[in-house]
Amino acid sequence: MAKLTVEDLSLEGKKVLMRVDFNVPIKDGVVGDDNRIVAALPTIKYVIDHGGRAILFSHLGRIKKEEDKPGLSLRPVAERLSNLLNKPVTFVPVTEGKQLEDAIDNMNNGDVLLVQNTRYEDVKDGEYVKRESGNDPELGKYWASLGDVFVNDAFGTAHRKHASNVGIATNMPGKAAAGYLMQKEIKFLGDAVDNPERPFVAILGGAKVSDKIGVIDHLLDKADKIIIGGGMAYTFYAAKGIKTGDSLVEKDKIDVAKQILDKAGDKVVLPIDNVVADKFDNDANTKVVEGDIDDGWMALDIGPKSVKEFEDVLKDAKTVVWNGPMGVFEKPNFAKGTLEVGKFLGTLADATTIVGGGDSTAAVKQLGVAGKLTHISTGGGASLTYLEGKALPGIAAISEK
């Protein structure tokens, strides 16, 4: 890596500001899925084992009004983190001011402190001012003043220019470095896109072509094959003159889809059959059709022949990147295509397999094959931006070696 890493820093006695991604589900004051907290542990442990004082920043959810704040406190996260580290974690219920400054001043080497949800700063005196998510320069400068060095381990927000990542990094008098999780994400996604072992296959799903145009365009020059599933496939159907019935089609993107298909040649692989339904409902009447989809029917998942076709493309792959579901994954009757693809990925023992995006990640976890995959990205939006070949502000702000 050309970027500084946490191991390049002198940490003994230092106040180490850390941006982590603790944006986890919380219900009735209890953390549901703690995967993101667990993912940050190696970097936190490295800092405290080397005599640093770990001062953690994270956002949680979106805060647009004062009433949003109580339900989005990071206090339950501090309690869960304390259990995972098996040591006390000081939680400071504010994001600036004397209470926070005194708590930091009272830290000893090896201590851990968690600052309140950084997005509390998006609402001040009842007004939605976006100080955190708008990267307010004074806020970034203030937070940077609280520490000696900065470690960014939150890949999930690396595509965002916030005060708690870019703001701190650019105002830090000391160095800004990448944590272990950030390093891992950059390595796997970077190698996959820029230096893949071939054949390199990208699987792209989800509802809209508009969300993935940049990714498809960038990967056309990089990948050997691009499998397209999910709702976005039917805009490509329309571009090919295949009837789509009542399926989701972005009419204003049909010409773009045509251009992609013209440029792609045989690189793009589309579903050859689909599970269609007579309404957008888990209990709708369904059937499997090949080719044209009749009016009154909508495609909600790929069919069994498509699964087989996709598996044939994937079986010899040495690098696979998957982002997005093959169908309406949140409805059990239309989750099969996504689950079948996930299950097959788990059998590719000789390939580097990388999964990003909420539904794709949920699928491999549901199947119990997550441990058989090379890397599960912690940032859906960030990994998409990376796959588009765009610079991620959170990474760009890390110091060079």
Side-chain angles (χ1 to χ4, degrees), residues 1 3-23 36-59 74 77-78 80-82 84-92 94-97 99-118 132 139-158 162-186 378 394-401:
M1 259 179 78
K3 296 289 186 182
L4 274 187
T5 72
V6 65
E7 292 182 7
D8 295 318
L9 301 177
S10 166
L11 299 171
E12 181 77 32
K14 297 282 176 63
K15 291 180 281 191
V16 184
L17 307 182
M18 290 181 61
R19 182 52 160 98
V20 290
D21 184 4
F22 289 166
N23 188 25
R36 288 183 172 181
I37 306 173
V38 171
L41 293 178
T43 308
I44 296 170
K45 285 178 177 173
Y46 182 86
V47 168
I48 60 178
D49 288 348
H50 287 77
R53 304 169 186 192
I55 300 154
L56 312 179
F57 291 83
S58 177
H59 77 281
L74 281 173
V77 173
R80 184 74 192 116
L81 179 61
S82 176
L84 290 167
L85 288 171
N86 198 24
K87 67 176 290 164
V89 171
T90 300
F91 175 67
V92 183
V94 295
T95 45
E96 60 182 343
Q99 185 179 357
L100 174 59
E101 292 155 22
D102 288 349
I104 290 172
D105 287 342
N106 289 328
M107 292 177 78
N108 296 311
N109 294 358
D111 283 354
V112 181
L113 177 150
L114 178 62
V115 180
Q116 181 58 283
N117 184 352
T118 57
E132 153 69 325
L139 183 59
K141 194 183 294 181
Y142 170 73
W143 279 337
S145 74
L146 300 173
D148 302 309
V149 292
F150 178 55
V151 176
N152 192 347
D153 209 27
F155 180 75
T157 58
H162 286 176
S164 62
N165 59 1
V166 174
I168 295 176
T170 52
N171 286 287
M172 199 74 226
K175 300 288 188 183
Y180 288 124
L181 181 61
M182 183 73 86
Q183 282 175 253
K184 191 178 175 192
E185 295 275 12
I186 294 169
T378 53
I395 295 174
I398 296 169
S399 306
E400 301 290 329
K401 281 205 178 188

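Excluded from the calculations below are hydrogen atoms, water molecules and symmetry mates; all remaining heavy atoms, backbone and side chain alike, are included. Since this is a predicted model, take the numbers as computed values, not measurements.
Using a 4.5 Å heavy-atom cutoff, the side chains of Ile395 and Glu185 are not in contact. Contact check for His59 versus Asn117: side-chain heavy atoms found under the 4.5 Å cut-off. Contact check for Thr95 versus Leu100: no side-chain heavy atoms found under the 4.5 Å cut-off. Counting only heavy atoms from C-beta outward, the side chains of His162 and Thr118 never approach each other to under 4.5 Å. Here the side chains of Asp8 and Lys175 are not in contact, with every heavy-atom distance at 4.5 Å or above. When side chains are defined from C-beta on, Ile44 counts as touching Leu81, because their heavy atoms get closer than 4.5 Å. A heavy-atom distance below 4.5 Å is not found between the side chains of Asp21 and Asp153.
Minimum interatomic distance between Gln99 and Val94 (heavy atoms only, all atoms of both residues): OE1-CG1, 3.7 Å. Pro173 and Ala144 get closest at one heavy-atom pair: CD-O, 4.4 Å. The two residues Val47 and Ala54 have their closest heavy-atom pair at CG1-CB, 4.1 Å. Closest approach of Glu400 and Leu4 over heavy atoms only: O-CG, 3.8 Å. When all heavy atoms are compared, the tightest approach of Ala39 to Leu181 is CB-CD2, 3.9 Å. Summarising the geometry of Ala40 relative to Phe22, their closest heavy-atom pair is CB-CE2, 3.8 Å, with the distance given to 0.1 Å.
Taking CD1 of Ile55 as the reference point, atom CG of Asp148 lies at 8.0 Å (rounded to 0.5 Å). Note: Trp143 CH2 to Glu132 CD = 4.5 Å, rounded to the nearest 0.5 Å. The line from CD of Glu101 to OH of Tyr142 is 3.5 Å long, rounded to the nearest 0.5 Å. Taken from NE2 in His50 to NZ in Lys14, the straight-line distance is 13.0 Å, to the nearest 0.5 Å. Atoms CG and CG, from Asn152 and Asn165 in turn, are 5.5 Å apart once rounded to the nearest 0.5 Å. Separating the CD atom in Gln183 from the OG1 atom in Thr5 is a distance of 4.5 Å, to the nearest 0.5 Å.
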CA sep, side-chain torsions, deciding dist, call: Lys15, Asp105, side-chain contact (heavy atoms from CB on, under 4.5 Å): CA-CA 9 Å; Lys15 291 180 281 191; Asp105 287 342; 4.3 Å; yes
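Annotation: side chain to side chain contact (heavy atoms under 4.5 Å, CB included) contacts of Thr90 (sequence neighbours excluded): Val92, Leu113. In this structure, the side chain to side chain contact (heavy atoms under 4.5 Å, CB included) partners of Glu12, at least two apart in sequence or on a different chain, are Asn109.
Under a 3.5 Å cut-off, the side chain of Thr43 and the backbone N or O of Gly179 do not form any donor-acceptor pair. With Arg53 contributing its side chain and Ile104 its backbone, the two residues share no donor-acceptor pair below 3.5 Å. Panel note: side chain Ser82, backbone Lys87; a donor-acceptor pair is recorded below 3.5 Å. Under a 3.5 Å cut-off, the side chain of Ser399 and the backbone N or O of Ala176 do form a donor-acceptor pair. With hydrogens and angles ignored, the 3.5 Å screen pairs no side-chain donor or acceptor of Tyr180 with any backbone N or O of Val6.
The side-chain contact (heavy atoms from CB on, under 4.5 Å) test with Phe91 singles out one residue from Val77, Leu74, Leu56, and that residue is Leu74.
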